[in-house]
Amino acid sequence: MAVVVRFPPSPTGMLHIGSARTALFNWLFARRHGGKFLLRVEDTDRERSTPEAVKAIYEGMNWLGLSWDGEPVIQTNNLARHAAVARELLEQGKAYYCYCTPQELEAMRAEQKTKGQTVRYDGRWRDRDPKEAPADAKPVVRIKMPLEGETTVTDHVLGTITVQNSQLDDMILLRSDGSPTYMLSVVVDDYDMGITHVIRGDDHMTNTFRQVQIIKAMGWPVPEYAHVPMILGPDGQKFSKRHGAPAVSDYRDRGYLPEAMRNYLLRLCWSHGDDEIITDEQAKTWFDLEHIGKSPARFDFVKLDSLNAHYLRLMPDEALAQTTAPFIEKKIGRMPDANELATLARAMPDLKPRAKTLIDLAEAALCYFSTRPLAFDDKAKKHLNEEGKKHLAALATEMGALPDFTAAAVEELFRVYAEKNAVKLGAIAQPLRAALTGTGTSPPIFGVAEILGREETLARISDAAAA
Ligand code: GLU
């Protein structure tokens, strides 16, 4: 049987990082089995669904590289079909009209509470003659849940779980305005889309027992289930805004690479031995439902940073320069031009080993994009004292005469000078750093000099002498 899975987010806000993890699992499962990964926008909550949130879903998925097959299914397009299924169940006597008013239901619940009973619809219209319905009452349609027996779901993650059918109440399929409920829409769409495996958050487990009853009432095949544990914040609480970055877009904006995110998210509740670094190709051959763990995973930003650093280092310099460019734009207010991009690519071997994110890269790269005269921060000013300036002036003359202006040649020149003048290398390299970058920290400074070129290097030193 060909695998067909789905990712059905509700467009009511950002694309949550936990949802993205579930999407990733579905995507990998489909890719591993040569199946289909479908996207469904569950926009039936019209008050809370927004076009911006739909956009956030597409953008987030595209950024993460989780390509779906075919066109996305828009759930509201299928409402008539969902309602038709409810009517079919009515015709078969597997559903019924319930004419309870909200007041009546309220009174019923209040009574159950006082008696210490479970609060649930008591099925009072299940066998009642609709002729007894109050005039102009608008009924809802409820499913007839089995009164006896039990429902068992064999879940790939949670194992076999059984509930007593007496626990399941006759839930609503169609509201009094004729609109289908979420529970019905999900089941009908899953069937119509040919979903074979439902891989979703374990917060949906209670829905599963109810959904299975609708599926069985229609005589449809029950899909296989895998309910995946939640992602928690580093403190073990539900992952939320409080933890800083709940949305997929937060990670994009903070300079994480999609490949690092995929690797990181994959390891939240799924494992392959002790492997931490797992490429897409490996993930697509290894991912399975059996190795999804039962306990929730805590989000670990330190681990994410180290994975991101790993993937940054793997990226070819030109591509990494392109990817970093928008982050530089944020800092300097314009996109680097082609020459600057080439410079950035040349600088990457010096920048990459020290960066965890694209923001780190952009920040460290600023020294190549600064325009003269530079502003000097306090640390720089400290290094540009009389002593420092004196050395720089002498070194500048020597640098002017170097046959090849390379990092190695400049470094050698500085070493010889330090020895001859009995000063520490730092005592002359730090003033150089201050003059070339305006700061006290930068990428390896002789490399910066080479990349800036002789002319710019000497001009910056001359500016510093005058500052
Ligand atoms: N729309 C639901 C959600 O965003 C997903 C439902 C499901 O996976 O069945 O939580």
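Since we're looking at a predicted model, the values are computed, not measured. No hydrogens, no waters, no symmetry mates; every other heavy atom, side chains included, goes into these values. One-based numbering, in listed order, for ligands and for the atoms of each.
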Protein residue, atom and distance nearest to atom 10 (O) of ligand 1, heavy-atom basis: His204 NE2, 3.0 Å

Pairwise salt bridge (charged side-chain N to carboxylate O under 4.0 Å, His left out) hits with a residue in residues 352-368, at least two apart: Asp317-Lys352, Lys331-Glu363

Tyr182 and ligand 1 - part of the residue with a heavy-atom distance under 4.0 Å: side chain

Aromatic Phe287 / basic Arg31 pairing, under 6.0 angstrom, 45° off normal: no

Interfacing atoms of ligand 1 (cut-off 4.0 Å, heavy-atom, Arg200): 7 (C), 8 (O), 9 (O)

Those atoms of ligand 1 less than 4.0 Å from some heavy atom in Ser10: 1 (N), 2 (C), 3 (C), 4 (O)

Residue, atom name and distance, where the atom is the protein heavy atom closest to atom 8 (O) of ligand 1: Arg6 NH1, 2.9 Å

For Phe301, all residues meeting ring-ring contact (aromatic ring centres under 6.0 Å, His included), sequence neighbours excluded: Phe299

Polar atom proximity, Pro8 to ligand 1 (N or O, under 3.5 Å): yes

Cation-pi check, Lys55 onto Tyr58 ring (under 6.0 Å, within 45° of axis): no

Enclosure of Glu71 CD (heavy-atom neighbours >12, cutoff 6.0 Å): no

